[in-house]
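Sequential numbering from 1 along the given sequence is applied to the chain's residues.
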Amino acid sequence: MESETGAFLPGPRLEIAGAAEGPLAGLRFAAKDLFDVAGHPTAAGNPDWARGRPLPQRHAWAVQALLEAGARLVGKTVTCEISLGILGFNAHCGTPPNPAAPGCLPGGSSSGSASAVAAGLADIALGTDSGGSVRVPASLCGLYGLRPTHGRIPFEGVCAQAPSFDTAGWFARDAETFARAGAVLLGEAPVEPAPAPLLLAEDAFALADGPVQAALRPQAARVAALLGGAPRAMTLGEAGELAAWGSQRNVLQRAEGWQTFRGWIDAVNPRLAFNVARNLSFAASLTEAQIAVAAALRHRVRERARSLLEGGAILCIPTTPFTAPPLGLPLQELDALSERIGLLTSFAGLTGVPQLSLPLAQVAGRPVGLSLLAWRGQDARLLGIARALAG
């Protein structure tokens with residue numbers, strides 16, 4: 001049955017034993033098919049990506065770190081095509097199932113990694129997050145997932161998309177396993193929670209469906225109590241600013257993606273799904289003036305993040321505005337859902353701060369995540385909060 005889940009790449013399962021001893025001995029991990037594994041092609045969710053490329057000669061840094069810590073690699077997982085997707089579907093490899101919400105999308109682009117962990121086929125899975133690709137599947141599949149501080153985990157041996165946004169993150173079903181993996185990947189043990197303000201972003205909550213808000217607010221109060229108080233209501237920006245942040249983050253990320261992929265497209269003329277080709281075409285049409293406007297906005301958002309979080313506060317927002325959407329929706333509806341998600345994921349993407357999605361709530365039997373954000377480099381604080389809440 002394992003081979004039929006759709007989380008892993010088609011064909012024989014790639015397995016590599018970890019070190020005999022280590023902090024993760026006895027655990028299994030999977031790796032999104034953007035992470036290099038020595039001697040095996042990295043396909044990046046596209047049938048033409050590996051064509052003409054030499055086989056990797058060494059493991060990606062994160063793969064090597066987990067193997068050295070004793071974890072066993074049990075397979076590479078399906079990703080949205082060249083990591084350009086947020087809901088989890090892939091026209092070439094198929095859409096991994098969502099074990100936490102059968103018949104629904106898993107979230108992407110780390111869809112296969114989230115699916116494998118949610119199905120119990122791996123204890124840990126590596127993913128990447130540029131525009132939300134760890135946070136979103138964590139929310140929709142009911143998992144712990146972290147987009148770390150930008151640059152905190154080395155990106156060596158991972159297919160890039162948009163370098164100023166790209167991060168390597170991971171998933172787990174339980175807080176203890178999540179924290180153990182984090183200690184290896186971050187090189188730092190989780191930090192026990194200390195008193196701190198919990199800032200509840202009302203404008204971010206207003207973007208979520210009513211039942212999602214109702215399910216998440218009591219969980220935000222739990223986090224605030226753990227930190228020694230009650231949630232402090234505030235807003236991330238002025239009226240309409242979150243929409244502007246979403247659109248301008250999209251400009252910057254797509255512009256960088258075009259620079260990453262344009263040489264490959266010119267040389268190979270690859271097979272691309274319509275939605276991927278369309279988004280790349282849009283990126284190719286962006287002007288220097290448009291990119292400059294977006295870059296100026298990014299500077300303002302970074303200063304806003306500094307003012308909110310550098311003093312030690314924790315920010316609280318919904319991870320996604322809704323639970324997992326059903327399979328089979330038309331592309332127009334999928335585009336609208338992706339745009340809504342981007343309104344909530346853009347703050348961390350633009351600022352480089354860490355964002356943790358916690359699997360604390362359900363709506364009509366489907367999971368939805370609550371996100372906590374801290375200042376740059378404070379990833380271990382978030383892991384400590386996750387572990388304390390579970391304990």
Side-chain angles (χ1 to χ4, degrees), residues 6-12 14 30-58 60 63 75-96 105-113 115 126-133 136-137 155-168 250-286 291 330-332 334-335 338 342:
F8 293 97
L9 296 182
L14 169 60
K32 181 179 185 177
D33 192 29
L34 298 183
F35 288 80
D36 285 347
V37 174
H40 299 272
T42 300
N46 178 274
D48 296 319
W49 179 260
R51 179 155 52 96
R53 297 177 186 271
L55 291 178
Q57 297 302 300
R58 58 194 305 176
V63 170
K76 295 190 77 174
T77 56
V78 172
T79 173
C80 291
E81 189 173 359
I82 56 172
S83 74
L84 296 180
I86 201 63
L87 289 172
F89 55 93
N90 184 308
H92 307 290
C93 304
T95 300
L105 291 163
S109 63
S110 306
S111 49
S113 288
S115 178
L126 294 171
T128 64
D129 189 311
S130 301
S133 293
V136 171
F155 212 68
E156 298 168 15
V158 187
C159 294
Q161 181 208 123
S164 75
F165 292 90
D166 294 341
T167 59
N250 205 27
V251 166
L252 290 174
Q253 187 177 337
R254 288 189 178 181
E256 290 188 24
W258 174 242
Q259 293 304 315
T260 296
F261 299 122
R262 63 185 300 178
W264 168 63
I265 291 169
D266 184 53
V268 176
N269 190 20
R271 289 164 284 179
L272 297 168
F274 171 78
N275 62 300
V276 175
R278 177 199 56 188
N279 291 343
L280 287 167
S281 178
F282 167 82
S285 71
L286 292 168
I291 296 169
L331 187 57
Q332 186 175 11
L334 295 172
D335 287 344
S338 298

*asked:* Just verifying a value: how many Å separate Arg254 CZ and Phe261 CZ, rounded to the nearest 0.5 Å?
replied: 12.5 Å

*asked:* Whether the side chain of Asp33 engages the backbone of Thr79 through a donor-acceptor N/O pair (distance < 3.5 Å, no angle test) should be reported.
replied: no

*Rounded to the nearest 0.5 Å, what's the gap from CH2 on Trp49 to CG on Leu272? Could you check?*
10.5 Å

*Between atom CZ of Phe155 and atom CG of Leu34, what is the distance when rounded to the nearest 0.5 Å?*
7.0 Å

*Heavy atoms from other residues, nucleotides or ligands near CZ of Arg58 exceed 12 (cutoff 6.0 Å)*: no

_Asn90/Glu81 under side chain to side chain contact (heavy atoms under 4.5 Å, CB included): CA gap, chis, key distance, verdict_ = CA-CA 6 Å; Asn90 184 308; Glu81 189 173 359; 4.2 Å; yes

*Interatomic spacing from NZ in Lys32 to OG in Ser113 - rounded to 0.5 Å*: 7.0 Å

_Going by the rule side-chain hydrogen bond (donor to acceptor under 3.5 Å, both in side chains), which residues pair with Ser164 if we only count those two or more places apart in sequence or in a different chain?_
Glu256, Arg298

*Any sub-3.5 Å donor-acceptor pair from Gln253's side-chain atoms to Val251's backbone N or O?*
no

_Sequence-distant partners of Arg262, salt bridge (Lys or Arg N to Asp or Glu O under 4.0 Å), two or more places apart_ = none

*Run the numbers on Leu334 and Leu105 for side chain to side chain contact (heavy atoms under 4.5 Å, CB included), then give the verdict.*
CA-CA 10 Å; Leu334 295 172; Leu105 291 163; 3.7 Å; yes

_So, taking the atom named CG in Leu280 and the one named OG in Ser285, what distance separates them when rounded to the nearest 0.5 Å?_
11.0 Å

*asked:* Counting C-beta onward and ignoring hydrogens, is there a side-chain heavy-atom pair between His92 and Asn46 closer than 4.5 Å?
replied: yes

*Identify, with sequence neighbours excluded, every residue that meets side-chain hydrogen bond (donor to acceptor under 3.5 Å, both in side chains) alongside Thr167.*
none

*Would Asp36 and Val158 satisfy side chain to side chain contact (heavy atoms under 4.5 Å, CB included), going step by step from the backbone distance to the final call?*
CA-CA 6 Å; Asp36 285 347; Val158 187; over 6 Å; no

_Nearest 0.5 angstrom please: Phe35 CZ to Thr42 OG1, how far?_
10.5 Å

*Determine, step by step, whether Ile86 and Ser109 satisfy the side chain to side chain contact (heavy atoms under 4.5 Å, CB included) criterion, reporting the C-alpha distance in whole Å, the side-chain angles of both residues, the deciding distance to 0.1 Å, and the verdict.*
CA-CA 5 Å; Ile86 201 63; Ser109 63; over 6 Å; no

*Pair Asp335-Arg278, salt bridge (charged side-chain N to carboxylate O under 4.0 Å, His left out): steps then yes or no*: CA-CA 12 Å; Asp335 287 344; Arg278 177 199 56 188; 2.8 Å; yes

